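Notes follow the structure.
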Amino acid sequence: MKGLAIALVAFLGLMVAGFASTDCGLQYDYYHKSCPQAEQIIATTMDKLIKQNFDIVPNLVRMHFHDCFVRGCDASILLNSTKHNVAEKDSPINNPSLGGFDVIDKLKEALEVECPRTVSCADIITFATREAIHKAGSDFPRYEVRGGRKDGRVSLASETITFIPPPTLDVSGIARFFGVKGLTLDDAVTLLGAHSIGDSHCSAIGGRERNFKNTGKPDPTLDPKYAAKLRKQCPASQGTDPTVSLDPITPDVLDNKYYVGVLKHLGLFTSDATLLTDEATSAEVHLYAYNPAIWRKKFVAAIIKMGEIQVKTGDDGEVRKNCALVN
Ligand code: HEM
Ligand SMILES: *[C@@H]1O[C@H](CO)[C@@H](O)[C@H](O)[C@H]1NC(C)=O
């Protein structure tokens with residue numbers, strides 16, 4: 001009797017787990033019948049484009065993040081504004097700092113030749129990000145990604161302000177912005193390792209390098225030598241807005257040096273530096289700074305989780321013909 005009960009519980013558990021892993025409707029090798037070459041076309045094209053310009057790697061990783069945090073991973077980030085609507089991509093949060101739109105257009109063009117109207121723009125961003133990450137750091141696996149995301153029909157600039165975390169956040173703010181999307185603070189700290197590649201406009205630093213909170217002085221939590229270097233790269237004159245590397249240690253490698261930098265008070269934003277002010281996040285920064293393999297493994301799991309936020313499947317969305325326009 002007891003054995004039967006245990007078997008029943010185990011069976012029910014398996015059922016629940018089975019449903020949980022498929023209830024969002026995403027599948028591995030989703031295009032194996034409709035467009036078997038899809039993931040390979042994206043990989044080959046990305047390879048070529050990354051060799052021409054490495055910047056598209058950070059561009060796409062950030063695009064994927066900004067897409068998934070607003071209306072889920074539904075390519076709402078790619079829709080153009082219209083006469084009556086300002087789209088996400090034209091919010092000051094994304095314009096002019098977000099790049100990579102031309103990369104998506106090239107991937108979509110290549111896919112439309114082989115399999116017209118089959119591969120969604122939302123899946124293209126997700127698969128392209130996987131290739132970017134695989135090429136961005138040594139030892140990053142070409143991890144498995146499920147497909148089947150449909151494209152949304154709505155994109156509102158105002159929602160970027162609501163859902164994209166600003167660089168002024170403290171730890172509780174970070175927890176709140178990620179929590180709203182079903183991600184934990186642990187996920188947030190892990191994903192922030194993406195700030196190990198790419199650039200920031202000087203305007204996003206919030207004056208930490210020379211006039212923090214109108215004190216006329218740099219942020220005391222910023223390394224003074226680094227602040228001096230930033231003042232050279234970011235002139236005080238208005239009107240220009242140059243860029244600086246997010247990770248001054250290894251700016252073009254996706255690695256754990258972001259966490260080493262945060263420990264050395266080289267975190268560029270308040271939202272990076274704040275990780276040292278909380279016991280749990282500080283412990284996590286230390287762990288990743290000293291254990292690159294642990295961070296890499298958790299980063300891959302977290303980016304996969306981020307890529308499945310609020311996805312639209314089945315009839316919830318469409319497969320756009322042109323990623324900038326609803327059908
Ligand atoms: C608390 C959370 C976060 C905040 C406050 C934040 C803020 C920022 C800011 C202000 C920039 C610079 C934009 C500019 O040029 O002005 C930036 C760049 C970037 N962010 Fe984040 N971010 C966060 C989380 C993430 C996450 C989760 C990812 C990806 C997994 C990510 C990936 C990137 C990348 C790759 C860049 C460089 C983009 C490029 O060079 O094209 N960020 N972030
Ligand atoms: C979308 O907007 C961009 C920038 O304004 C423009 O270059 C592009 O041609 C537009 N795409 C479509 C399909 O209208």
Side-chain angles (χ1 to χ4, degrees), residues 53-69 73 78-83 86-87 89-105 108-109 121 125-126 129-130 132-133 136-137 155 160 163-181 183 185 187-206 208 234 241-247 251-252 254 258 262 267-275 281 298-307 309 320-327:
N53 177 13
F54 181 81
D55 292 348
I56 70 165
V57 169
N59 289 171
L60 276 181
V61 175
R62 184 165 182 243
M63 178 191 283
H64 187 40
F65 164 49
H66 283 201
D67 182 35
C68 294
F69 266 56
C73 314
L78 300 178
L79 286 175
N80 271 8
S81 295
T82 63
K83 223 182 188 170
V86 185
K89 63 157 68 152
D90 289 322
S91 148
I93 290 177
N94 292 320
N95 188 356
S97 62
L98 189 68
F101 297 105
D102 50 330
V103 175
I104 300 297
D105 287 341
K108 181 65 171 171
E109 208 175 293
C121 301
I125 300 177
T126 313
T129 299
R130 180 258 305 270
I133 288 170
S155 177
T160 63
F163 294 113
I164 303 294
T168 46
L169 290 178
D170 61 9
V171 169
S172 63
I174 294 173
R176 213 169 348 99
F177 272 80
F178 281 72
V180 166
K181 296 293 152 186
L183 300 185
L185 183 57
D187 293 328
V189 177
T190 307
L191 287 168
L192 271 166
H195 284 179
S196 146
I197 48 171
D199 301 318
S200 168
H201 287 80
C202 291
S203 56
I205 307 171
R208 293 183 73 220
C234 295
D241 194 5
T243 57
V244 300
S245 296
L246 285 174
D247 168 9
D252 292 332
L254 183 59
Y258 163 80
V262 169
L268 189 60
F269 306 128
T270 293
S271 54
D272 301 312
T274 191
L275 301 182
T281 57
K298 285 190 63 181
F299 182 78
V300 168
I303 203 103
I304 291 171
K305 185 173 174 187
M306 189 182 87
I309 294 173
R320 278 179 220 147
K321 175 156 182 55
N322 182 322
C323 289
L325 307 172
V326 293
N327 288 338

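Whatever order the structure lists ligands and atoms in, that order sets their numbers, starting from 1. Predicted model, so just to flag it, every value in this text is computed and none were measured.
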Quiz item: What residue and heavy atom of the protein are closest to atom 29 (C) of ligand 1, and at what distance?
Solution: A194 CB, 3.5 Å
Quiz item: Do the ring planes of H195 and F269 sit parallel (below 30°), tilted (30 to 60°) or perpendicular (above 60°)?
Solution: perpendicular
Exercise. Would you confirm whether K298, through its side chain, and L191, through its main-chain N or O, come within 3.5 Å as a donor-acceptor pair?
Key: no
Exercise. Looking only at distances, please establish whether an N/O atom of ligand 1 is found under 3.5 Å from an N/O atom of S271.
Key: no
Exercise. Just let me know how L192 lines up against ligand 1, side chain, backbone, both or neither, with a heavy-atom cut-off below 4.0 Å.
Key: side chain
Practice problem: Rounded to the nearest 0.5 Å, what's the gap from CG on D247 to CG on D199? Could you check? | Solution: 11.0 Å
Quiz item: When you measure from the side chain of D241 to the backbone N and O of C202, does any donor-acceptor pair fall under 3.5 Å?
Solution: yes
Quiz item: Does F177 come within less than 4.0 angstrom of ligand 1, counting non-hydrogen atoms of the residue?
Solution: no
Quiz item: Considering all heavy atoms of both residues, which atom of C234 and which atom of I205 are nearest to each other, and what is their separation?
Solution: SG-CD1, 4.0 Å
Practice problem: Please indicate, with yes or no, if any protein heavy atom is found under 4.0 Å from atom 14 (O) of ligand 2? | Solution: yes
Exercise. Around atom 15 (O) of ligand 1, find the nearest protein heavy atom and jot down its residue, atom name and distance.
Key: H201 ND1, 2.8 Å
Exercise. Mark up the atoms of ligand 1 that fall under 4.0 Å of a heavy atom belonging to R62, in ascending order.
Key: 13 (C), 17 (C), 18 (C), 19 (C), 20 (N), 33 (C), 34 (C), 36 (C), 38 (C)
Self-check item: Nearest candidate to atom 28 (C) of ligand 1, where distance is taken over non-hydrogen atoms, out of F65, F269, F69
Solution: F65
Quiz item: What protein heavy atom is closest to atom 2 (C) of ligand 1, reported as residue, atom name and distance in Å?
Solution: P165 CG, 3.6 Å
Quiz item: Any N or O of D55 that comes nearer than 3.5 Å to an N or O of ligand 1?
Solution: no
Quiz prompt | Structural part of H64 in contact with ligand 1, heavy atom criterion under 4.0 angstrom | solution = neither
Exercise. Enter the distance from L79:CG to C323:SG here, rounded to the nearest 0.5 Å.
Key: 9.0 Å
Practice problem: State whether the side chain of S97 and the backbone N or O of I93 hold a donor-acceptor pair below 3.5 Å, judged by distance alone. | Solution: yes
Exercise. Check whether any side-chain N or O of R208 sits under 3.5 Å from a backbone N or O of L268 as a donor-acceptor pair, and report yes or no.
Key: yes
Exercise. Mark up the atoms of ligand 1 that fall under 4.0 Å of a heavy atom belonging to G198, in ascending order.
Key: 37 (C), 40 (O)
Self-check item: Passing option when K89 is tested against N80, N95, N94 for side chain to side chain donor-acceptor pair (under 3.5 Å)
Solution: N80
Exercise. Give the minimum heavy-atom separation between P166 and F177, together with the two atoms involved.
Key: CD-CZ, 3.7 Å
Quiz item: Which ligand 2 atoms does N322 reach within 4.0 Å, using its non-hydrogen atoms?
Solution: 13 (C)
Quiz item: S97 heavy atoms, cut-off 4.0 Å: which ligand 1 atoms fall inside?
Solution: 14 (C), 15 (O), 16 (O)
Quiz item: So which heavy atom on G193 is nearest to which on Y258, and how close?
Solution: CA-CD2, 3.8 Å
Quiz item: What distance separates T129 OG1 from I304 CD1, expressed to the nearest 0.5 Å?
Solution: 12.0 Å
Quiz prompt | Nearest heavy atoms of G267 and D272, plus distance in Å | solution = CA-CB, 3.9 Å
Quiz item: Who's the nearest protein heavy-atom neighbour of atom 5 (O) of ligand 2, and how far?
Solution: N80 ND2, 4.8 Å
Quiz item: V61 heavy atoms, cut-off 4.0 Å: which ligand 1 atoms fall inside?
Solution: 29 (C)
Practice problem: Under 4.0 Å from a heavy atom of N59: give me the atoms of ligand 1 that qualify, with their elements. | Solution: 39 (C), 41 (O)
Quiz prompt | Top protein contact for atom 6 (C) of ligand 1, by heavy-atom distance | solution = H195 CE1, 3.5 Å
Self-check item: Contacting atoms of ligand 1, where contact means under 4.0 angstrom from a heavy atom of A204
Solution: 10 (C), 16 (O)
Practice problem: Nearest 0.5 Å please: distance from the CD1 atom of I164 over to the CZ atom of R62. | Solution: 8.0 Å
Quiz item: Is ligand 1 under 4.0 Å from a heavy atom in the side chain of L98, in the backbone, in both, or in neither?
Solution: neither
Self-check item: Nearest non-hydrogen protein atom, atom 40 (O) of ligand 1
Solution: D199 N, 2.8 Å
Exercise. Mark whether atom 11 (N) of ligand 2 lies under 4.0 angstrom from at least one protein heavy atom.
Key: yes
Self-check item: ligand 1 versus P166: contacting region, heavy-atom distance under 4.0 Å
Solution: backbone
Practice problem: May I ask whether P167 places a heavy atom under 4.0 Å from ligand 1? | Solution: yes
Self-check item: Element-labelled atoms of ligand 1 that are located less than 4.0 Å from some non-hydrogen atom of L191
Solution: 27 (C), 30 (C)
Self-check item: ligand 1 contact on S200 by region, counting heavy-atom pairs under 4.0 Å
Solution: both
Practice problem: Could you grab the distance from atom CZ of F299 to atom CE of M306, nearest 0.5 Å is fine? | Solution: 7.5 Å
Exercise. First locate atom NZ of K305, then atom SG of C68, and finally report the distance between them rounded to the nearest 0.5 Å.
Key: 13.0 Å
Exercise. Taking atom 1 (C) of ligand 2 as the reference point, report whether a protein heavy atom occurs under 4.0 Å from it.
Key: yes
Quiz item: Does T274 use its side chain to pair, donor to acceptor, with the backbone of T270 at less than 3.5 Å?
Solution: no
Quiz prompt | Residue-ligand contact L246/ligand 1, heavy atom below 4.0 Å | solution = yes
Quiz item: What protein heavy atom is closest to atom 35 (C) of ligand 1, reported as residue, atom name and distance in Å?
Solution: P58 O, 3.4 Å
